[in-house]
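Here is the structure we will look at, set down as C-alpha cells.
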Amino acid sequence: MPLALLALAVGAFGIGTTEFVIMGLLPEVADDLHVSIPTAGHLVSAYALGVVIGAPLLAAVTARLSRRTVLIGLMVLFVAGNVLSAFAANYDYLLAARFLSGLPHGAFFGVGAVVATTMVAPERKARSVSLMFLGLTVANIVGVPAATLMGQHLGWRATFLGVSVIGVAAIASLALLIPHDHAQAPAVGLRREMAALRSLPVWLALGTTVAGFGALFSAYSYITPMLTDAAGFAEGSVTLLLALFGVGATAGNLVGGRLADHSLRGTLFGGLTSLAVVLALFPLLMTTEWTAALAVVLLGMAAFVTGSPLQLMVMEKASAGPSLASSANQAAFNLANAGGAWIGGLALAAGFGATSPALAGAVLAVLGLGVAGTAWSVDRRRAVPGRERVVATHVPEQAPALHP
C-alpha cells in the first residue's frame, strides 16, 4: 500500500476527533458560554449540517481542480474552522465555526476515497479505502479520549487548538506524500459528475448507506443509557466502553476492506446481516456487564465492516464521475446519523425500554438489506452477468456475457 494513504489517514484522524470530541465537552462548553447543555448540543447538529451541505457542494465547485489541491484546500478550511472554534467569543460564533468545520468533512472523505483507489491495483481498492477510514476509527480509540481529557483539564478551547495542529500535520503530509500525478485537473468535469448522480444504482447505494448506518446510530446514540440503565455500568465506565466500540470499529473496518476486495456485494450483505443480528440480540446482551461490553465491540465491528464496501460501491456505480457521488455518500452517512438517532429516540419516547433503540436499529438494518437486494436485482439486469464487481458498466442487450 502506498505511503500516501498515511496522509489521508492523518486527515481522517483529525476530522474524526473534532466530530466526536464535542459530545464529551458539552458540559464545559455550556458552562463557559452560559448556555444549557441541550442548547450546547446544537453544536453537534451544526457540524452534521455542515457535512451534509458541504459534501456535495464542495465536491461540485472543485470538480475541475486537481484532487491533490482539493484535499489540501479542504484541510486548510478544516484548520480555519477549528481555530475559529477555539477563539469563538460567544455561543453564536462557536455555532457558526462548528458549521464551517463540518463543511470539508464529506468532500475530504469523498475525494480522498477516489484518490486512494487510483493509487492501488484494482484488487486492493477496498483495502485502500479502509486504510483511509482507519484514521476515523482510530480517532475514537485515541483522539477523542485524549482530546476530551485535554479539554477537561486545559479548557475546551485548547482541544480545538490541538485538533488544528493535527490539521496542519495533515496538510504537510498531503503536500509531501500525495503523488504529483494527482496535481493535474481530472478529465471529469462537473457535468459528468452531476450526470453520474442521475443513476438509479447510485441512489440505491446511497439508500443502503442511509438505512445501514441509520441502524448503527439508532443504537449508538443511546448507548450510554443502555449501558447504565440496562447493563448496570457506572457512568464513569462509559468512556472506556466507547473506546471498545472504537476497537471493534477499527477491526471491522480492516476486515471489511480485505473481504470486499474478494466479494464486494457478499461483504455488504454479510455485514448488514451481522448488524441486524447483533442489534436484535441487544436486549439479551445488555443483561450483564461482560456481555454488554461484548455487544459494544460487536456493534462497532458489524457496522464498520460495511463502511468501505458502501463507499466503493457508490464510486463504482458512478464511475463516470466518482468524486461527487463519493462525497454524497458521506452526506448520506450523516443523514443516517441524524435519522437513526431520531428513530431510536422515538422508540425510547414510546416507552419500549432502554434497549428499544437497538431493536429499531435492527429493523433499519433489515431495511438496508432490502435496499441492497433491490440494487443487486437492478445490477443483474444492467451489469455484466457473473461479474459482481462491475456494478457501473451498462451493457447492450445483444452483447455477449462475460465470465471470470
Side-chain angles (χ1 to χ4, degrees), residues 1-2 4-16 19 51 54-56 58-60 62-63 65-75 78 104-139 170 173-174 177-179 181-182 186 188 193 196-197 202 205-206 208-209 212-213 249 252-254 256-258 260-261 264 267-268 304-334 336 389 391-392:
M1 288 292 175
L5 293 177
L6 175 63
L8 296 173
V10 172
F13 179 81
I15 289 174
E19 179 181 17
V51 178
L58 292 179
T62 60
L65 299 177
S66 77
R67 289 170 180 147
R68 183 173 181 270
T69 300
V70 171
L71 289 171
I72 293 173
L74 290 171
M75 286 311 301
F78 170 81
H105 177 129
F108 181 87
F109 280 107
V111 176
V114 175
V115 170
T117 57
T118 58
M119 292 190 294
V120 298
E123 67 273 12
R124 290 176 176 265
K125 284 185 176 182
R127 267 174 283 185
S128 72
V129 174
S130 71
L131 287 177
M132 180 186 69
F133 282 152
L134 187 64
L136 182 65
T137 57
V138 170
S173 300
L174 291 167
L177 299 178
I178 297 295
D181 56 359
H182 290 285
V188 177
E193 293 279 1
L197 278 182
V202 169
L206 294 174
T208 305
T209 296
F213 272 80
N253 174 56
L254 293 174
R258 182 168 291 273
D261 279 328
L264 179 61
T267 303
L268 180 58
F304 278 86
V305 159
T306 64
S308 52
L310 281 170
Q311 189 72 34
L312 188 58
M313 182 167 287
V314 169
M315 290 163 53
E316 291 194 350
K317 288 178 183 293
S319 58
S323 294
L324 183 56
S326 181
S327 299
N329 195 50
Q330 293 302 311
F333 277 118
N334 279 268
R389 291 298 305 278
V391 293

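Computation of the quantities below employed the complete heavy-atom set of this structure, encompassing side-chain atoms and omitting hydrogens, waters and symmetry-equivalent molecules. Residue numbers start at 1 and run along the sequence shown. Every value quoted in this text rests on a predicted model; they were computed, and no experiment measured them.
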Please find the pair of heavy atoms, one from [X] and one from [Y], that lie closest to each other, and give the distance.
X      : Y      : value
Ala126 : Ser308 : O-CB, 3.8 Å
Lys317 : Ala205 : CD-CB, 3.8 Å
Gln311 : Ser326 : NE2-OG, 2.5 Å
Gly307 : Phe213 : CA-CZ, 4.1 Å
Glu19  : Leu136 : OE1-CD1, 4.4 Å

Report the distance from atom [atom1] of [X] to atom [atom2] of [Y], rounding to the nearest 0.5 Å.
X      : Y      : atom1 : atom2 : value
Arg124 : Arg258 : CZ    : CZ    : 7.5 Å
Ile72  : Leu174 : CD1   : CG    : 6.0 Å
Leu268 : Met313 : CG    : CE    : 5.0 Å
Ser327 : Met315 : OG    : CE    : 10.0 Å

Inset, instruction - Could you tell me whether the side chain of Ser128 reaches within less than 4.5 Å of the side chain of Leu5, counting heavy atoms only? - result: yes
Legend entry - Side chain to side chain, Leu131 and Asn253, heavy atoms closer than 4.5 Å: no
Legend entry - side-chain contact (heavy atoms from CB on, under 4.5 Å) between Ser173 and Leu6, intermediate numbers included: CA-CA 8 Å; Ser173 300; Leu6 175 63; over 6 Å; no
Inset, instruction - Please assess Leu71 against Leu8 for the test side-chain contact (heavy atoms from CB on, under 4.5 Å), listing each intermediate value before the final yes or no. - result: CA-CA 9 Å; Leu71 289 171; Leu8 296 173; 3.8 Å; yes
Using modelled atom types only, decide if a donor and an acceptor are shared between the side chain of [X] and the backbone of [Y] within a distance under 3.5 Å.
X      : Y      : value
Thr62  : Leu65  : no
Glu123 : Asp261 : no
Thr267 : Ala260 : yes
Arg68  : Ile178 : yes

Side-chain donor-acceptor contacts of residues 104-112 below 3.5 Å, not counting sequence neighbours, with atom names and distances?
residue : atom : partner : partner atom : Å
His105  : ND1  : Tyr47   : OH           : 2.9

Legend entry - Verdict with supporting geometry, Val120 and Arg127, side-chain contact (heavy atoms from CB on, under 4.5 Å): CA-CA 9 Å; Val120 298; Arg127 267 174 283 185; over 6 Å; no
